[in-house]
**Student:** 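To start, I am sharing the structure in question, which I have written as structure tokens.
All chains are named by letter (A, B, ...) in the order of the sequence lines, taking the proteins before the strands, and each is independently numbered beginning at 1.
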Amino acid sequence: MSQEFVLEARGLTKEFRGFTAVDSVDLQVKEGTIHALIGPNGAGKTTVFNLLTKYLTPTRGDIRYRDKSINAMSSNEIARLGMVRSFQISAVFPHMTVLENVRVALQRPLGNSFHFWKHERVLNKLNDRALELLDSVGLADYADITTVELPYGRKRALELATTLALEPTVMLLDEPTQGMGHEDVDRVVELIREAAKGRTVLMVEHNLSVVSKLCDKITVLARGAVLAEGDYATVSQDPRVREAYMGSDDTQVEGAH
Amino acid sequence: MATTDTKISAAQLAKQAENRRRNIFYLVLLALALVAPFVAYPVFLMKILCFALFACAFNLLLGYAGLLSFGHAAFLATGGYMTGFLLSTYSITPEIGIITGTLASTVLGTFFGILSIRRQGIYFAMITLALAQMVFFMYLQADFTGGEDGLQGVPRGNLFGIFDLSNNLTMYYFVLAVFIFGFLLIQRTVHSPFGQVLKAIRENEPRAISLGYNTDVYKLVAFVISAAIAGLAGSTKTVVFQLASLGDAHWHMSGEVILMTLVGGVGTLFGPVLGAGFVLTLEHQLSQSFLGDWVDVILGVIFVVCVLTFRAGIVGEVQKFMKKNFN
């Protein structure tokens, strides 16, 4: 295994009572790239995400982070390693303020997260950094709003700011533009491009125009197995990929040229 | 960023004003609590304070960690029996008895917590209920609990060896002090760095995990704090009534604390206090009236009405109303 891959999976398999959702997937994510995982509905993209971050336990297979096995680690340990994921539905803390959402991510390294006898004002020293992060995704003006009141697109931006607060080396984004209007999609694409500087991003994405704009490398999954791999031009020309998308996203594959 | 700054300071000012209002509210309450025993029957007031503390402990878990325990009676009873047994058997001062009782509940809470915390929702409730039932039958059979008679005639003794607690007024102020200590501890826990993480876990546990938090451990700590304070309430109650009985360990008690918390307002600091006062006063008044046999039915109806129409509880609904009309 090589050093240039920050995240590597070998023979990753997940079986649910005889149904194989993910079938010996090999995945190599190169340091500093934006890598997309695409495929028709039910191809097992989110399952792969859940396996990589241990929200599901693989039936078989090997996962390595910076050439070190993370097979035995739990989800929270993987996060502390610097591999932070997002979720398909926006993952915010709805009844905390926007600022608190980011601050709770900044808080852990302080080492006072178990201190139930201290006043929460000890966290105020993190406010500046939290505001900086909010500013970077255009949310500084909303800092004191209860998160549930934010529109959907802004919730996703907040989610990104919260992820960035952890200074992750690898970000795993699960459909970051899902359910968004055009303007929001463009903004999030810019945010991801900005956030990806100096980091590695692995993203599941349905919107192929987003993929074509952002991603260096694409892995196509179909029925739990890797169908094709390469840059956008290669993958979109591949007849097997076209066939897999036929009847569902075929027009989108064509349209993205 | 200039607009941002003014906005934040405006929000902070609003928060300061709110804090000031809240402090005034608590000061008024404290003044009322201090004169209350001259107006009302002190033993009844002490009963309210003990159950209010118990409900607050339960609320810490349900309202701030999102965990519905159906076995909190076990902690109330364990504190009560331990304190009652020690005070009846050895000549120790009541505060030592209460501290030991609280510690016993803390240990039991750690044990319960480790077994139950990995499950969620109804499974968590069922495990806590099953464990609490085991504790109930253990206390029914054990020698030191006095079986169905319970422990009677527990001496109140002299607090720190100085203050004679057989005087109801002295006892009342001691119970008030214990209650305030417990209430402030919960208030601080909720508004602490730990409380922030707990809130995040309640709101979205998978996300909290993806931020690197080992959520099981946080929930366990919350569970243990809650069990400890429930034990403190039980211990204090035993000293007040000079009695530790099986009723405290019965699952009925676990249900009653849920009722108190929901009626008062789950997830609000003061709700459980109000809920405990409301339920106990109602029980007290009804049991003296011609409706005495109907207490459980009436409480059941109130519970249903509460869940159907004002789910946020008394304090929760008032807060909503204030927010809608004065903000």
**Student:** Cation over ring, B:Arg22 on B:Tyr26, under 6.0 Å and within 45°?
**Tutor:** no
**Student:** Measure the NZ-OG1 distance between A:Lys155 and A:Thr147 for me, rounded to the nearest 0.5 Å.
**Tutor:** 8.5 Å
**Student:** Given that the side chain runs from C-beta out, which part of A:Phe87 has a heavy atom under 4.5 Å from chain B: side chain, backbone, both or neither?
**Tutor:**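 Interface part for A:Phe87: side chain.
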**Student:** Can you name the residues that form a salt bridge (Lys or Arg N to Asp or Glu O under 4.0 Å) with A:Glu132, not counting sequence neighbours?
**Tutor:** A:Arg129
**Student:** Can you tell me how far CD of A:Glu175 sits from CZ of A:Phe49, rounded to the nearest 0.5 angstrom?
**Tutor:** 9.5 Å
**Student:** Judged by atom type as modelled, is there a donor-acceptor pair below 3.5 Å linking the side chain of A:Arg199 to the main-chain atoms of A:Ala195?
**Tutor:**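 It does hold such a pair.
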**Student:** Under a 3.5 Å cutoff, is there a donor and acceptor pairing between the side chains of A:Gln178 and A:Glu205?
**Tutor:**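 A:Gln178 vs A:Glu205: no donor-acceptor pair found between side chains.
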**Student:** Select, from A:His95, A:Arg103, A:Arg80, the one with the greatest count of heavy-atom pairs under 4.5 Å involving chain B.
**Tutor:**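 The candidate making the most pairs under 4.5 Å is A:His95.
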**Student:** Which residue out of B:Val197, B:Asn214, B:Thr215 racks up the most heavy-atom pairs below 4.5 Å with chain A?
**Tutor:**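 Highest number of pairs under 4.5 Å: B:Asn214.
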**Student:** Should A:Thr46 and A:Asn50 count as side-chain neighbours, where that means a heavy-atom distance under 4.5 Å?
**Tutor:**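 Of all side-chain heavy-atom pairs linking A:Asn50 with A:Thr46, at least one is under 4.5 Å.
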**Student:** Is it the side chain or the backbone of A:Arg121 that comes within 4.5 Å of chain B heavy atoms, both, or neither?
**Tutor:**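 Answer is neither: A:Arg121 stays 4.5 Å or more from chain B.
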**Student:** Checking A:Thr163 against chain B: side chain, backbone, both or neither under 4.5 Å from a heavy atom?
**Tutor:**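 Both the backbone and the side chain of A:Thr163 come within 4.5 Å of chain B.
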**Student:** Measure distances from B:Leu198 to the heavy atoms of chain A and classify the residue's part below 4.5 Å as side chain, backbone, both or neither.
**Tutor:** neither
**Student:** At a heavy-atom separation under 4.5 Å, does A:Val122 approach chain B through its side chain, its backbone, both, or neither?
**Tutor:**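 Side chain of A:Val122 only, per the 4.5 Å heavy-atom cut-off to chain B.
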**Student:** Give the member of B:Thr189, B:Leu185, B:Val221 that has the highest number of heavy-atom pairs under 4.5 Å with chain A.
**Tutor:**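 So the answer, after comparing B:Thr189, B:Leu185, B:Val221, is B:Thr189.
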**Student:** Given heavy-atom pairs under 4.5 angstrom as the criterion, report whether the side chain, backbone, both or neither of A:Glu159 touches chain B.
**Tutor:** both
**Student:** Is A:Ser75 in contact with chain B via its backbone, its side chain, both, or neither, using a 4.5 Å heavy-atom distance?
**Tutor:**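 Answer is both: backbone and side chain atoms of A:Ser75 are under 4.5 Å from chain B.
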**Student:** Under 4.5 Å from any heavy atom of chain B, what part of A:Ser74 do you find: side chain, backbone, both or neither?
**Tutor:**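 Neither part, no heavy atoms under 4.5 Å.
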**Student:** Output the option from A:Ala105, A:Ala91, A:Ala165, A:Pro168 having the highest count of non-hydrogen pairs under 4.5 Å with chain B.
**Tutor:**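 Between A:Ala105, A:Ala91, A:Ala165, A:Pro168, the count favours A:Ala91.
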**Student:** Could you check whether B:Lys219 makes a cation-pi contact with B:Phe223, meaning its NZ or CZ is under 6.0 Å from the centre of the six-membered ring and within 45° of the ring axis?
**Tutor:** no
